[in-house]
Each structure stands twice: as C-alpha cells, then as structure tokens.
Amino acid sequence: DQPMAIGLEQVQVQFQPVLDDYISGKISLDEMRRLVEWDKRWMWSFEGYQGVFEAARELKNVRLLALNVDSEDLAIVEKGGYPALPMEQLRKYIKDPIGFGNFAQARKFKTYVDYVIEPSYEIHRRLG
C-alpha cells in the first residue's frame, strides 16, 4: 500500500504535532481544533472539515499534513521580503534550497506562479 495523506492549507506548519496527536488518538477533535487555533487562524467553518478529520483518524493510516505558512513568518515576509526571514525559519518551508531553486527556474513553475499563485495571493491580500 502507498502511504496516503491529506494536505491542509487550513493548518499552519507549527501545528503539525497537534495533527499527529489527533491522528494517533492522543487528543480529541475538540482539542485539535483548539490547539491549532482554528477559530483564530482560519476563516472557514471547522464543521465543514470535521468529516475529513474524522475519516482520516478512523482510517489510521492517513496522515494529516499542515501546509500553511505560520502567520508570524508570513508577517515578516510581507514586511521585509524573504531576506527578512531568518534562515532557520525558511528551512521549515524549503528543506532543499538547491533543489527548490532549480525547480523554481523551470518555465512550467513560472507559468504556475503567474496563473495560480499570484492571483490567489492577490485575492487573499484583498480579503485581509
């Protein structure tokens, strides 16, 4: 069997251990919601995602992955750009800087950024 995971843009990277604790049964769904600070850090209803969390836990072999950048790091980058983010924090997101740099040079990646990332960022910026 291939490992399976559910990526959650709703949960910030700093809360990965909380997701792991939920999947392993160490904490309840309500505790997970509180510990990932869902109501503070995400604008959409938790109840809309509850079934996904419950199914992943029930299946036991499905990992939940926190995909969103920590808001504290985002604030630093928005203010001073990537150079303002300390290397230790940047490494949380880019594990292989050389590989990422090579990947980011590809024309297909630049097209993806132009047509998906930039418009999404602009919408998020306008929404606050």
Side-chain angles (χ1 to χ4, degrees):
D1 287 338
Q2 291 289 328
M4 188 160 116
I6 299 170
L8 300 166
E9 72 168 318
Q10 304 87 338
V11 180
Q12 296 177 9
V13 170
Q14 64 184 306
F15 299 119
Q16 183 61 52
V18 176
L19 296 177
D20 295 341
D21 285 349
Y22 170 73
I23 289 296
S24 69
K26 292 178 184 172
I27 62 173
S28 69
L29 185 65
D30 289 336
E31 288 173 298
M32 189 261 294
R33 177 182 183 166
R34 181 179 56 79
L35 292 170
V36 300
E37 301 178 7
W38 185 281
D39 298 316
K40 174 184 174 187
R41 297 180 184 257
W42 193 249
M43 61 192 290
W44 304 107
S45 164
F46 183 82
E47 290 73 21
Y49 299 90
Q50 186 170 333
V52 173
F53 298 130
E54 291 170 341
R57 184 172 180 167
E58 186 178 307
L59 293 169
K60 296 190 193 273
N61 62 343
V62 177
R63 189 163 182 221
L64 296 175
L65 297 177
L67 298 179
N68 209 343
V69 64
D70 296 342
S71 57
E72 297 81 2
D73 294 340
L74 179 59
I76 292 169
V77 171
E78 286 178 332
K79 198 171 194 177
Y82 287 113
L85 192 64
M87 189 57 67
E88 177 183 315
Q89 287 164 267
L90 185 59
R91 284 196 178 112
K92 287 191 300 189
Y93 309 106
I94 302 175
K95 308 283 186 200
D96 175 9
I98 294 170
F100 180 78
N102 292 336
F103 176 76
Q105 297 302 313
R107 182 174 173 83
K108 289 179 182 179
F109 179 75
K110 290 179 182 185
T111 300
Y112 173 73
V113 169
D114 290 344
Y115 289 97
V116 177
I117 301 297
E118 289 288 338
S120 176
Y121 177 80
E122 183 59 29
I123 289 169
H124 281 81
R125 188 186 64 74
R126 279 192 255 138
L127 290 173

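Values below: every heavy atom of this structure, side chains too, minus hydrogens, waters and symmetry copies. Every value quoted in this text rests on a predicted model; they were computed, and no experiment measured them.
- Trp42 and Val52 fall within the same hydrophobic cluster, where Ile, Leu, Val, Met, Phe, Trp and Tyr residues are linked whenever their side-chain heavy atoms come under 4.5 Å apart, directly or through other members.
- For the atom pair NZ (Lys92) and CG (Asp73), the distance works out to 4.0 Å, reported to the nearest 0.5 Å.
- Ring geometry for Phe100 versus Phe109: interplanar angle over 60°, hence perpendicular rather than tilted (30 to 60°).
- A distance of 13.0 Å separates CG of Leu74 from NZ of Lys79, quoted to the nearest 0.5 Å.
- Residues Lys108 and Phe103 form no side-chain contact, since every pair of their non-hydrogen atoms from C-beta on lies 4.5 Å or further apart.
- Applying side chain to side chain donor-acceptor pair (under 3.5 Å) to Glu37 and the options Arg33, Arg41, Arg34 leaves one that passes, Arg41.
- The CD atom of Gln50 sits 7.5 Å away from atom CG of Asp30, with the distance rounded to the nearest 0.5 Å.
- Side-chain contact between Asp70 and Gln89 is absent, with no heavy-atom pair separated by less than 4.5 Å.
- Considering CG of Asp21 and OG of Ser28, their distance stands at 11.0 Å, rounded to 0.5 Å.
- A donor-acceptor pair is defined here as one N or O able to donate and one able to accept, closer than 3.5 Å; such a pair exists between the side chain of Gln16 and the backbone of Leu64.
- Atoms NZ and OG, from Lys60 and Ser24 in turn, are 10.0 Å apart once rounded to the nearest 0.5 Å.
- For Val77, the side chain to side chain contact (heavy atoms under 4.5 Å, CB included) test picks out Tyr82, Leu85, with sequence neighbours left out.
- The shortest distance between side-chain heavy atoms of Trp44 and Gln10 does not fall below 4.5 Å.
- The backbone N or O of Val11 lies less than 3.5 Å from no partner atom in the side chain of Trp38, so there is not a single donor-acceptor pair.
- Through ILVMFWY side-chain contacts below 4.5 Å, Ile98 is grouped with nothing and stands alone.
- Remark: Phe15 engages no residue in a ring-ring contact (aromatic ring centres under 6.0 Å, His included) (not counting sequence neighbours).
- In this structure a side-chain-to-backbone donor-acceptor pair under 3.5 Å is present from Gln12 to Ser71.
- Rounding to the nearest 0.5 angstrom, the gap separating the CZ atom in Phe53 from the CZ atom in Phe46 is 5.0 Å.
- Hydrophobic clustering (side-chain heavy atoms under 4.5 Å, transitive across Ile, Leu, Val, Met, Phe, Trp, Tyr) groups Val13 together with Met87.
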